There are 4 protein chains.
Amino acid sequence: MTHTPHRRGADRTEAIMRTTLELGQEIGYAKLSIEAVAARAGAGKHTIYRRWSSKGALLLDSLLSLNEPGLDYPNSGDIVADLRAQIYTAVDLLARPPFGPLFQALIGEAQHDPQVAAALNERFITPQADKTVARLKAARDQGQLSSGFDLDLAMAILSGPLYFQLLITQEPLTHEYVDRILHALFAGMGPQPQP
Amino acid sequence: MTHTPHRRGADRTEAIMRTTLELGQEIGYAKLSIEAVAARAGAGKHTIYRRWSSKGALLLDSLLSLNEPGLDYPNSGDIVADLRAQIYTAVDLLARPPFGPLFQALIGEAQHDPQVAAALNERFITPQADKTVARLKAARDQGQLSSGFDLDLAMAILSGPLYFQLLITQEPLTHEYVDRILHALFAGMGPQPQP
Amino acid sequence: MTHTPHRRGADRTEAIMRTTLELGQEIGYAKLSIEAVAARAGAGKHTIYRRWSSKGALLLDSLLSLNEPGLDYPNSGDIVADLRAQIYTAVDLLARPPFGPLFQALIGEAQHDPQVAAALNERFITPQADKTVARLKAARDQGQLSSGFDLDLAMAILSGPLYFQLLITQEPLTHEYVDRILHALFAGMGPQPQP
Amino acid sequence: MTHTPHRRGADRTEAIMRTTLELGQEIGYAKLSIEAVAARAGAGKHTIYRRWSSKGALLLDSLLSLNEPGLDYPNSGDIVADLRAQIYTAVDLLARPPFGPLFQALIGEAQHDPQVAAALNERFITPQADKTVARLKAARDQGQLSSGFDLDLAMAILSGPLYFQLLITQEPLTHEYVDRILHALFAGMGPQPQP
DNA sequence: GGTTAAGCGAGACGGTACGTCCTGTCTTGTC
DNA sequence: GACAAGACAGGACGTACCGTCTCGCTTAACC
């Protein structure tokens with residue numbers, strides 16, 4: 001048996017993450033095993049365990065490597081248009097393999113593994129939320145939103161229904177649905193009587 | 001060796017579900033195994049597999065057996081008060097072991113297992129959503145909400161941020177947060193200038 | 001579901017034994033299970049266990065039911081010819097499915113299960129051996145064999161090599177081999193010097 | 001939890017075989033399970049399956065490890081004395097646990113499992129038979145046996161009755177019985193009148 | 001001739017073991 | 001010293017049978 005010379009460090013890291021995404025896309029996260037990733041990547045298991053502490057940690061890194069720069073906000077001056085553009089982009093990312101299904105599975109994993117949950121929040125969720133809040137804050141500072149506008153709650157109302165649809169009802173996310181949420185947030189639901 | 005006579009059907013079903021909840025509470029869903037449930041319940045593994053096709057299916061039934069009648073809505077005439085009361089109850093249920101953590105884990109499992117996702121929706125999510133929508137519709141029919149009020153979207157805005165907090169940021173759900181959401185929904189976010 | 005009327009006693013016994021032989025022939029003794037016999041025979045497992053204490057006991061009865069009268073000896077006056085005829089018959093029986101392979105498997109089972117070993121000896125081996133010894137004794141009494149002729153040993157020399165070939169080397173038993181044994185027994189091996 | 005470092009290869013092989021013999025002696029072959037051997041030996045089941053394809057294969061190796069050099073023949077010049085000595089040794093080996101009962105069970109297994117039968121023949125039966133035949137042939141070459149002496153048949157007459165007693169009647173093998181067989185083989189049965 | 005006990009098919013049940021898969025740790029030898 | 005390869009202990013999987021049991025239905029035997 002001949003051996004291809006062992007390449008080191010970043011080289012191996014990258015190959016393993018690429019294989020993880022490939023294999024995850026082919027057989028799904030549930031059936032993905034570190035054993036199989038190692039075999040397919042031509043890597044020793046040790047080489048994987050040296051870098052990642054669990055399947056979830058490996059997948060998180062692999063997914064983030066797909067989206068290095070993150071989803072950045074335009075700032076055209078029109079807060080609604082900017083939010084819409086950004087959320088469209090996010091929704092499109094989630095609709096497209098391999099990101100969508102694997103990201104969904106990763107959130108699933110986070111429900112069983114606190115380390116994954118923490119890392120996911122720290123590395124993806126919070127940064128995205130922060131950008132949204134920052135964009136909203138800019139609009140409020142510019143007087144486009146009332147001074148009492150609840151930035152965090154607005155972020156939650158923008159995100160929550162989408163995650164609900166992704167994780168719970170598992171129906172496809174549409175631009176039209178994003179529009180309805182945006183409209184409700186900024187124009188109100190129009191409930192006649194005052195509560 | 002003497003044998004206690006085997007008790008049948010519902011008897012065994014109930015014992016297995018009770019054991020599942022006990023063990024799930026003790027060691028967590030991730031470490032829960034059908035093997036261990038069988039051993040603790042004094043049941044053969046086949047007796048479990050005969051009833052449930054997976055760990056997720058078993059847990060779903062076990063959890064639902066805790067909440068037989070479901071969360072029912074009061075109808076005091078005051079839509080906001082009624083929603084508040086009902087959501088408080090739901091949030092309290094989620095805050096209390098064993099339901100909370102196991103329900104969360106079950107949603108996690110639903111991300112890997114379409115059967116669990118479907119069953120969860122059919123048996124828990126959809127019925128609850130339907131009740132909320134029905135209560136909102138009654139209010140709209142009585143003129144308490146504008147005729148254009150988007151019932152489904154309202155339901156999503158009420159649920160989404162809570163599930164977001166449960167599943168993503170994994171912070172505790174508080175009554176105060178529920179109040180903020182309700183206020184936003186019915187009083188609006190107040191984005192003064194341009195809608 | 002319609003029920004064929006349950007037939008009793010000997011009827012069921014016979015159906016189960018017939019199924020045992022059928023199934024044993026199809027899939028071999030090793031893979032034969034009481035479960036499968038019951039299913040194929042349309043019998044309850046209890047009905048089998050009521051009659052036989054083990055797979056081996058069931059097979060023994062099933063095999064013996066094939067050979068009810070036993071292998072009886074001719075007595076033509078010529079002891080060698082009579083033995084030859086009888087052993088040819090036995091060897092032919094062993095060469096023919098379903099008896100041969102299942103009988104062999106039954107002896108295999110007897111090595112693990114003393115009850116089967118005892119029953120096999122009592123119901124098959126000893127009666128056959130007794131007949132052989134009786135025929136030899138008649139010949140000795142008629143002066144065809146020396147008065148010191150060791151009847152039991154002769155029986156063992158006739159049977160042993162055949163069972164050796166059946167069980168150990170597992171080569172087919174031939175009439176030619178029977179002839180060689182008979183010749184050695186009655187004409188001697190012809191070893192020159194006196195021991 | 002601390003881990004003793006895993007010892008490799010021959011070390012594990014030997015420990016597993018030793019445990020197999022121990023456990024086989026304690027509870028008998030029929031009740032012996034690979035599961036139990038693994039547990040007692042502190043080995044993973046896979047470590048056993050990696051080496052042996054079945055319980056029978058494991059037992060065969062384990063037994064042969066007890067009798068590494070095999071049963072070798074003396075050659076004193078006296079063929080009868082040499083055979084007697086060698087067969088006494090074999091009979092004594094079979095009379096003594098753990099070899100006897102487990103060897104008997106292994107032959108039983110060989111009736112259900114062709115792989116075991118083949119391996120048993122190749123690794124134990126045939127080599128022993130060859131030695132016997134070789135010793136007989138030496139005697140014949142030296143003129144101690146007639147030139148027409150049937151070596152293979154003699155071997156079968158020496159072995160057959162003993163295996164018959166071991167496997168079929170399951171009575172203990174005695175030196176006295178060996179003597180009777182040897183006498184019959186070399187002095188003849190003495191059937192006076194018609195050969 | 002109606003009742004009743006036994007036989008029966010069906011299959012649930014607790015259990016044991018199977019043979020497989022994967023985990024996370026380790027050892028070995030190569031580069 | 002990083003690495004590929006893979007052995008190793010261990011745990012769980014889902015399946016197959018074991019022998020015992022419960023359940024109703026059917027049938028023969030006895031009142």
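Chain letters run A, B, ... following the sequence lines, proteins first, then strands; residues in each count from 1. Every heavy atom of this structure was used, including side-chain atoms; hydrogens, water molecules and symmetry mates were not. Just so it is clear, the model here is predicted, and its values are computed rather than measured.
What separates CD of A:Glu109 from P of E:dT23 is a distance of 11 Å, to the nearest Å. Between the CD1 atom of D:Ile16 and the C1' atom of F:dA7 there is a distance of 11 Å, rounded to whole Å. Straight-line distance from the CD1 atom of D:Ile48 to the C1' atom of E:dC21: 17 Å, rounded to whole Å. Between the P atom of E:dG9 and the CG atom of C:Asp11 lies a distance of 10 Å, rounded to the nearest Å. Rounded to whole Å, the distance from CH2 on B:Trp52 to P on F:dG14 is 15 Å.
Position along DNA chain F of the nearest nucleotide to D:Ala41 versus A:Ala41 favours A:Ala41 as the more 5'-ward residue. Summary of the strand contacts: C:Ala39 and B:Thr47 both lie near DNA chain E, and taking for each the nucleotide with the nearest heavy atom, the more 5' one is attributed to C:Ala39.
Listed candidates were E:dG7, F:dG19, E:dT23. Nearest to the side chain of A:Tyr49 is E:dT23. Ranking F:dG14, F:dC3, F:dC8 by closeness to the D:Arg12 side chain, first place goes to F:dC8.
Taking OG1 of A:Thr20 as the start and CH2 of A:Trp52 as the end, the distance is 6.5 Å to the nearest 0.5 Å. From C:Leu102, atom CG reaches atom CG of C:Leu63 across 5.5 Å, with rounding to the nearest 0.5 Å. Taking CD1 of B:Ile48 as the start and CZ of B:Arg12 as the end, the distance is 9.5 Å to the nearest 0.5 Å.
In terms of polar N and O atoms assigned as donor or acceptor, the side chain of C:Lys45 never comes within less than 3.5 Å of the base of E:dG9 in a complementary pairing.
One finds no salt bridge joining C:Glu35 and C:Arg40 here, because no Lys/Arg side-chain nitrogen approaches an Asp/Glu carboxylate oxygen to under 4.0 Å. Using a 4.0 Å cut-off between charged side-chain N and carboxylate O, A:Asp61 and A:Arg123 make a salt bridge.
Listed by residue number, there are no residues of residues 27-38 of chain B with a heavy-atom contact under 4.0 Å to DNA chain E.
Nucleic acid contact for A:His46: base, since at least one base atom lies under 4.0 Å from a heavy atom of the residue.
Ring orientation note: the planes of B:Tyr29 and A:His112 are close to parallel, at an angle under 30° on the 30°/60° scale.
B:Arg40 has no side-chain polar atom (N or O) that falls below the 4.0 Å cut-off from OP1 or OP2 of E:dG14. Within the 4.0 Å cut-off from OP1 or OP2 of E:dG9, not a single side-chain nitrogen or oxygen of C:Arg50 is found.
Within a 6.0 Å radius of CD in D:Gln115, other residues, nucleotides and ligands contribute 12 heavy atoms or fewer.
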